[in-house]
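This report concerns only the one structure given below.
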Amino acid sequence: MSTDAQTGRDYRETLFLPQTDFPMRAGLPKKEPEWLERWERIGLYHKLREDAKGRTPYTLHDGPPYANGHIHMGTAMNKVLKDMVVRAHQMSGFDANYVPGWDCHGLPIEWKVEEEFRGKGRAKDDVPASEFRARCREYAAKWVDVQKAEFKRLGVIGDWDNPYLTMRFESEARICDELLKIAKTGQLYRGYKPVMWSPVEQTALAEAEVEYHDRRATQIYVRFPVCAFTLGVSYSDKTAPAPELETMHRVQWSESEAIDTADQDFEDTYIKDVSVVIWTTTPWTIPANRAVCFSPSISYGLYKIEALGDPGFPLGQTVGDKLIVADKLWDNVAKAAHITEFTRLSDVSSELLKHADLDHPLKNMEGADGKFDFAIPMLVGDHVTAEAGTGFVHTAPSHGEDDYMVWFANKDRLEARGIDASVPNTMDDSGCYTDVMPSRFEGLDVIRTSGKKRGQDGKANAEVLKALVECGNLLSRGIMTLRDAHSWRSKAPVIRRATPQWFISMTADHDGRGGLREKAKAEIAKTKFWPERGRNRIGTMVADRPDWLISRQRSWGVPITLIVHEDGRLHTDLPDADAINARILAAVNEHGVDGWFDADIADLMGDDSGGWTKVTDILDVWFDSGCTHAFCLKERDDLPDRADLYLEGSDQHRGWFQSSLLESCAVYGEAPYKGVLTHGFVVDEKGYKMSKSLGNTISPEDLNKQYGAEIVRLWAASSDFTEEVKIGKEIIQTSTDAYRKLRNTLRYMIGALDGYSEADAIDIVDMPALERWVLHRLHELDAVVKDGVENHDYKKIFSTLFNFCTVDLSAFYFDIRKDALYCDPLGSTRRRACRTVMSYIFERLTLWLSPILCFTMEEVWQQRFPSEDGSVHMEQFPDTPDSWHDAVLAENIKSMRNLRDLANEQIEPMRKDGTIKSSLEAIISVFAPVTEIADDLRLDENSWYTDPSNPTDSVADYLIVSHCMFVPQDNSGIFLQVKTLSENAAYTKCPRSWKYFKAENGADITPRDAVAVQQWDAS
RNA sequence: AGGCCGGUAGCUCAGCUGGUUAGAGCGCGCCCCUGAUAAGGGCGAGGUCGGAAGUUCAAGUCUUCUUCGGCCUACCA
C-alpha cells in the first residue's frame, strides 16, 4: 500500500518508524537472575549507601523470619512490600538502608534437631547440651542461607552480606544485656505459673508437644463448707480494681440488697450446715485448692437434703445438710450424691456468693498440721459454665491455667484482705507433693514415673480421697473417661504444674511513668498505623495482657543470665552488679550462649558465691526478636536507633510489634518504631487460607520459575494488602497481562526515542497543546506517586500509572501522535515536541515503576541509557515543575476527547457495515454552537496544514480522521456527520500518510509529506 | 467460644462527611488496522453493592441480626 500507483515509489522507507531491538517478550525467569548478577557485580547496595550518605535516613527495620524451612507466599509478599517501600524512599531523597535479619532460636528448630539425633539413635538427654546447641546453630545457619537466596531471587535489595541474626554472639550478649537492664530497674520478678509438665520426662511441654488421648479418671464431688461472709470488705471496696478487670469482677454490694450477716436467721440459712459443691477429675489437686469460682450468669440454688439412699458404704453427707449448686446441674449432683429427697430453699445470688468464704475441705484432716487453715474465697470466673459439674469450679492456681489466671487477676484484692496470694509450689519435678503439703501428703506421686505401671495413677489421688472421706466432705466418686494431654514421647499423661517462672511486670513503676503498660499505651498513641485500625488492635492487646512470662525450660535459646540467692535476692541487686554483668556479657559475647551455661559461678560472682545459683531457664524467643532494635538498630553505625517503619503481617500485633514495643519501653521508655504497616495473609483465589491438605498452596519458587519474580512483585503492588490478599491462576494472569501492557508501552517509547538527544528538546512554551497536556498529566501523576509513597499505597500508584499507560498514552496520545512521529518532517516542532515529551514520560514512568518492577525497569533503562556499572535504582524521582500544571488546558482536552468519543460512536456502525474501514477514510462535519475549544487549542483549520514544513494540529488529528470541519450552529447541542472519502473521486489517499486529501497539481502525497520526503531525499 | 477485620461486575481496585440511571482498568464478545504486529485501535455486554430487617424524604455508604472468609486468643515463630 505504501507504493504509489503513479510513481511506483515505496514511501515506507521515508517514514520515521520506531526502531528498537528491545524484545516484546520478557523471558523473566531467565533474565532476572542476570540482572541480579549485574547488581551484585557492580555492588549496587553499597553504591546506594555511598550515594545516600548524608541524606535523611528512612529506616524500615526488618522483622526476622524464622530460620526454618523455605519461604512461602506470605513471607515472599512481605519482603517484596518491604523492598518497594525501601526503594521508593531511597528514590525519594532518603537514605533507605535495609538490613534483613533472622530469628534463629526456638522450639521448632530444637525439635528438628532432636529428631535428627533420635534418627541417629541418640536421645536428647544423651547429647551434651553444648553439642546440641551447636547443631541447632548449624541448622539455623543452613536455613538462613536458603531463605537468603530465596529472598534475593525476588529482587529484594539489602545488606545480605551482613544481616542480623538473633544467634550471633553479639546479638545473644545484647539480648542478655537488655534483660539485665530490665532486672536492674525492678521490672523483672519471679513467680509461679502452671505449665504442662510431664513427670515421666521431668520437663515442661509445649502445646505442640502433647497429644490428646482418652484417659480414665476419678471424678469426685466435694463440698466446701461456708464459714463466713465478708460483709463490708467487698474486694472492690477495698482496692480500686485494675481497669482491665473492672468488667469481670466488679459486683457491687448495693445498698438495696444489703444483708445483715450478723443476723441469726441469715446465719442459720446461709452458713450453718451449708456447703458449696465442686466437681473435679483431678482429686490430687484438691490439697492445692485456694479458691472456688462461680459465674454471675448462672443461677444457683440452696438445696436441703431431706433423704438419702443407701449406696452400701458410708456417705459424708447427712440429712439436713444444705448444698449450693447450679440449678441446671442439681439433678446430676443429687443423683451422684444419692440424694433421694430434697427441698430447694432459695436462690443464691452472685452478690451473696461473692462475699462468701469457705473452709478447705481438708481443713480438719488428721495430720493437716494447720496447713489447710485458711479461708477459701469465691471468685468470679469467665471460664465457669453450667455445662458440666456443679456450676462451681475448684480452683488450684498451681495446677490449672484458668485457675492461675483468675487467682492472679484477683491478686491485689486478695492481698488487701490479708490472704496470701502467692501461688504455692505444691509439686516437684517428678510430680510428687512438696513439703508445702502436710507430711501426710509429702512425697506422694500423681503419676508413676517408672516401672511397668509407668503413666498410671500414683499414690496421690488415693490418699486425697481417703482424707476427704475422713473429713466427710466427699459427696460422691466415680470413674469417667476423658480426653486429656499426654506426652508425645512417653505417651504418659501430663499434669499442669506451677513452676518458678520469670515475668516482666506490666505495672512496676520504676521511673514514675506508670509502669510498662502505661508507657506502651502512650507510645501506641504516638505511633502512625497503616491501616489505622492496627492501633486499636495492638492497643487492646497491651491493655488486656498479663505480665510478660519470659522464661522457658528449653535448650535452644538465650539464657536468662541471672544469679539467684537462696533467699530470693537477684545478683542485680548487689552493689557490684555491674561488674558481674560485665563478666557475664563478656562470656556470652565470646562464646555465645554456651558462655553462660559453661561459666563457673565463682568466676562470675567473684569471691562470694555461696548460696547463689545460676538460672538455667532460657528466654521466650519473642524476647529475642523484641530486642532486634537493640542489637541491630542501636548497635550498627549505618542505622539510626529507631526505625521509621515496621512492616509485618497482621498476626504480629500480638507478636513482634508487641514484643518489640514492650522490650523497648521497658528499657528505653519509648517504642522502637515511628510507624507500623501491616498486611493481611495470602489466601487462595476463593479467599480460603492456603493449606497442604486443601491442596491450594502456591509457592513463590514456582511463580518465579513460571512467570518471574516481577509478576509476583506486580501482584503484590496491585493488591490491597491491608486485607487478605488473594492469589490464583486468574489473578496471576491479570498481573501478567498488565506487565505486558507496561512493557510494550515502554518499548514503544524506546523505539520512538531512537536517536533522540537532549539537543532535540523543545521548550514547553513552544509545544502544541497536546504535549502540554501530557506534561500536565505527568504533574498530576507526580502528586499521586508522592502521596502513594508516603502512605504506602502502591496499588494506587500502580493502577494510576497503568491507567495512564492504557487510557492516556496507548489509546489517545500515542495513537494520535503516530502520524506526526512517522510522517512529519524530522525537524518539525510538533515531532520534536512529541519526542521531548516522550522522553519525559519515559523517564518518569520508568523511575516511578522501578521500586515495583525492579528488574524490567532496569532492563528498559539500560536499553535507553546503556552503561557498564549504572543502574536505574541509583536515580532519584525527578522534580516536576509546577509550570506543567494547566487546569484550563486539561478541561479543553477533555472536551476534545468527548468529541472524539462521539466521532468513534458514529464511525463504529459504519465500520461494522463496511462503509468505513480505517478511521482515516472518514471526513467529519461537526455541527456545534461554539468552536472555542478548537480556538483555545489553537488547532489548524485543515488537516494538510497551513505550513506543511512545520505542521500544527488540526481537529482531524485529534480524531484521527482525514478531515474535520466545524459548522457553527445557533441552536444548542452538538451533532456529527460522518462520511467516507474512500469512494470520493475528489480525494486521493496519500500513500505515505494514508490520509485522504484533495491533490493539487498532480501531487501524489500531501504537502506535509512532500516536504518530509524532500528533506529525506536531501539527507 | 470470644476479640478484631473484611465480603462492590469473571479478575484487580475506586466510591469522601448517606443524595442524580454504582465507576475504572483488565478479561470477555464483536469489528477495524497491518508502518508498536505473539502488538495497536474502536464499540459493546456484564454488578442492585454477601443475605435479611430497620432508621431516613433518600443507603453500597448508618443500626441490628445473619452468612461466608481472614487474623488473634500467653511457652507458637
Side-chain angles (χ1 to χ4, degrees), chain A residues 1-2 11-12 15-18 20 24-25 64-68 103 105-109 193 195-196 204-209 382 385 401 405 501 531 533-534 536-537 540-541 544-554 620-622 624-625 649-656 678 680-681 683 685-689 715 718-720 722-726 728 730-735 737-738 740-741 744-745 747-752 795-796 798-799 802-803 805-807 810-812 814-815 818 822-823 901 903-905 907-909 911-914 916-920 960 992 994:
Chain A
M1 285 298 282
S2 54
Y11 285 107
R12 195 176 196 281
L15 293 168
F16 311 111
L17 297 177
T20 180
M24 224 150 80
R25 304 189 59 190
Y66 195 58
N68 180 23
D103 205 353
H105 299 122
L107 184 59
I109 289 176
K193 188 175 185 292
V195 296
M196 284 204 276
L205 295 176
E207 181 65 38
E209 290 176 302
D382 283 347
T385 67
E401 190 77 4
M405 290 283 289
Q501 302 288 350
R533 66 179 103 100
N536 179 42
R537 182 126 183 232
T540 47
M541 282 175 176
D544 290 344
R545 67 159 299 145
D547 288 349
W548 188 1
L549 168 60
I550 54 158
S551 50
R552 299 287 185 274
Q553 291 72 51
R554 292 285 151 197
D620 175 10
V621 283
W622 283 114
D624 289 24
S625 58
S650 58
D651 58 332
Q652 298 303 328
H653 283 110
R654 72 154 283 284
W656 192 54
T678 50
F681 275 59
V683 295
E685 64 252 274
K686 291 181 197 129
Y688 292 93
K689 68 169 156 194
W715 158 76
S718 58
S719 305
D720 178 3
T722 61
E723 290 168 26
E724 299 93 76
V725 183
K726 290 191 230 175
E730 189 175 1
I731 295 164
I732 288 296
Q733 189 56 48
T734 304
S735 291
D737 290 341
R740 289 219 184 96
K741 183 71 188 183
N744 267 310
T745 305
R747 177 176 180 271
Y748 185 66
M749 284 189 282
I750 290 170
K795 71 176 188 312
K796 180 80 179 294
F798 162 74
S799 65
F802 181 73
N803 278 7
C805 284
T806 56
V807 180
S810 197
F812 185 64
F814 290 171
D815 209 28
K818 275 179 190 172
Y822 301 171
C823 303
D901 289 341
N904 281 330
E905 275 167 37
I907 291 171
E908 191 56 27
R911 199 168 2 233
K912 281 248 157 83
D913 70 23
I916 279 184
K917 285 181 176 150
S918 160
S919 64
L920 283 175
I960 318 186
R992 186 168 182 272
W994 296 341

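Chain A is the first sequence line, chain B the second, and so forth, proteins listed ahead of strands; every chain is numbered from 1. Keep in mind that what you see is a predicted model, and the values were worked out from it rather than measured.
Residue contacts shown for A:G680 are absent, as no nucleic acid heavy atom lies under 4.0 Å away. Residue-level contact check: A:G751 touches neither bases nor backbone, having no heavy atom under 4.0 Å from any strand. Here A:S799 lies out of heavy-atom contact (under 4.0 Å) with every strand. The residue A:E723 sits close only to the backbone: its heavy atoms come under 4.0 Å of sugar-phosphate atoms, none of a base. Looking at heavy-atom distances under 4.0 Å, A:A738 makes no contact with the nucleic acid at all.
Closest to the side chain of A:N536, out of B:C43, B:A36, B:C4, is B:C4. For A:E724, counting side-chain heavy atoms from C-beta on, the closest listed nucleotide (B:C71, B:G41, B:G69) is B:G69. When distances run from any side-chain atom of A:R533 to the nucleotides B:A39, B:C5, B:G40, the shortest one goes to B:C5. Among the nucleotides B:C71, B:A39, B:G25, the one closest to any side-chain atom of A:V807 is B:G25. Here the nucleotide nearest the side chain of A:L107, chosen from B:U34, B:G41, B:A77, is B:A77. Distance from the side chain of A:R552 is smallest for B:C75 among the nucleotides B:G40, B:C4, B:C75. With B:A36, B:C43, B:G35 as the choices, the nucleotide that has an atom nearest any side-chain atom of A:C823 turns out to be B:G35. In this structure, the nucleotide among B:G25, B:G40, B:C72 sitting nearest to the side chain of A:M541 is B:C72. Closest to the side chain of A:D737, out of B:C71, B:G40, B:C26, is B:C26. The side chain of A:L17 lies closest to B:G35 when the candidates are B:G35, B:G40, B:U12.
A sub-4.0 Å separation between OP1 or OP2 of B:G40 and a side-chain N or O of A:K741 is present. Phosphate proximity of B:U37 to A:R747: present, with a side-chain N or O under 4.0 Å from OP1 or OP2. Note on A:K795: a side-chain N or O is less than 4.0 Å away from OP1 or OP2 of B:A14. When the side-chain nitrogen and oxygen atoms of A:K796 are compared with OP1 and OP2 of B:C13, none of them lie within a distance under 4.0 Å. A close approach under 4.0 Å does not occur between any side-chain nitrogen or oxygen of A:Y688 and OP1 or OP2 of B:C68. OP1 or OP2 of B:G41 has at least one side-chain nitrogen or oxygen of A:S810 nearer than 4.0 Å.
Rounded to a whole angstrom, the distance from the C1' atom of B:C71 to that of B:C16 is 28 Å. Taking the C1' atoms as reference points, B:G18 lies 14 Å from B:C49, given to the whole Å.
Closest non-hydrogen pair, A:K726 versus A:E685, comes out as CD-O, 3.3 Å.
A:Y66 places a side-chain N or O within donor-acceptor distance of the main-chain N or O of A:I109, the cut-off being under 3.5 Å. A:S625 places no side-chain N or O within 3.5 Å of a backbone atom of A:W656 that could act as its donor or acceptor partner. Remark: the backbone N or O of A:C823 is paired with a side-chain donor or acceptor of A:R992 at under 3.5 angstrom.
Between A:D651 atom CG and B:C72 atom P the separation is 5 Å, expressed in whole Å. Summarising the geometry, the separation between NZ on A:K686 and P on B:G10 is reported as 16 Å, rounded to the nearest angstrom. Rounded to an integer number of Å, the gap from A:D815 CG to B:G41 C1' is 5 Å. What separates NE2 of A:H105 from P of B:A77 is a distance of 12 Å, to the nearest Å. One can place CD1 of A:I750 at 12 Å from C1' of B:A36, the figure rounded to the nearest angstrom. For the pair A:L15 CG and B:A36 C1', the interatomic distance rounds to 14 Å; values are reported in whole Å. Computed from coordinates, the A:N904 CG to B:G40 C1' distance equals 14 Å when rounded to whole Å. Distance, A:K912 NZ to B:C33 C1': 15 Å, rounded to whole Å.
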Steps toward side chain to side chain contact (heavy atoms under 4.5 Å, CB included) verdict (A:Q501, A:Q553): CA-CA 9 Å; A:Q501 302 288 350; A:Q553 291 72 51; 3.0 Å; yes
Give the intermediate values and the outcome of side chain to side chain contact (heavy atoms under 4.5 Å, CB included) for residues A:R552 and A:V621. CA-CA 9 Å; A:R552 299 287 185 274; A:V621 283; over 6 Å; no
Does the pair A:R12 and A:L17 meet the rule for a side chain to side chain contact (heavy atoms under 4.5 Å, CB included), with working shown? CA-CA 9 Å; A:R12 195 176 196 281; A:L17 297 177; 4.0 Å; yes
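In B:G29 the O4'-C1'-N dihedral to the base is more than 90° from 0, which defines an anti nucleotide.
If you find the closest nucleotide of RNA chain B to A:S551 and to A:M24, the one lying nearer the 5' end belongs to A:M24. Residue-to-nucleotide proximity on RNA chain B shows that, of A:C805 and A:Q553, the 5′-proximal contact is made by A:C805.
By the stacking rule of 5.5 Å between ring centres and under 30° between planes, A:Y11 does not stack on the base of B:G35.
Residue A:R554 places no side-chain atom within donor-acceptor reach of the base of B:C75, judged by atom type and a 3.5 Å distance cut-off alone. For A:W622 and B:A77, a side-chain-to-base donor-acceptor distance below 3.5 Å is present, hydrogens and geometry of angles not being considered. Side chain A:R911 to base B:C32: no donor-acceptor pair is found below 3.5 Å. Scanning atom types as modelled, one donor and one acceptor separated by under 3.5 angstrom connect the side chain of A:E908 and the base of B:G42.
Partner assigned to B:C57 is B:G19, using Watson-Crick or G-U wobble distances below 3.5 angstrom. Summarising the base pairing, B:A45 is matched to no nucleotide, lacking a Watson-Crick or G-U wobble pair whose two defining distances lie under 3.5 Å. A 3.5 Å limit on both hydrogen-bonding distances identifies no Watson-Crick or G-U partner for B:A38. Pairing partner, B:C26: B:G10, with both Watson-Crick or wobble hydrogen-bond distances short of 3.5 Å.
A 6.0 Å sphere centred on NZ of A:K796 holds no more than 12 heavy atoms belonging to other residues, nucleotides or ligands.
Between the side chains of A:Q733 and A:D737, at least one donor N or O sits under 3.5 Å from an acceptor N or O.
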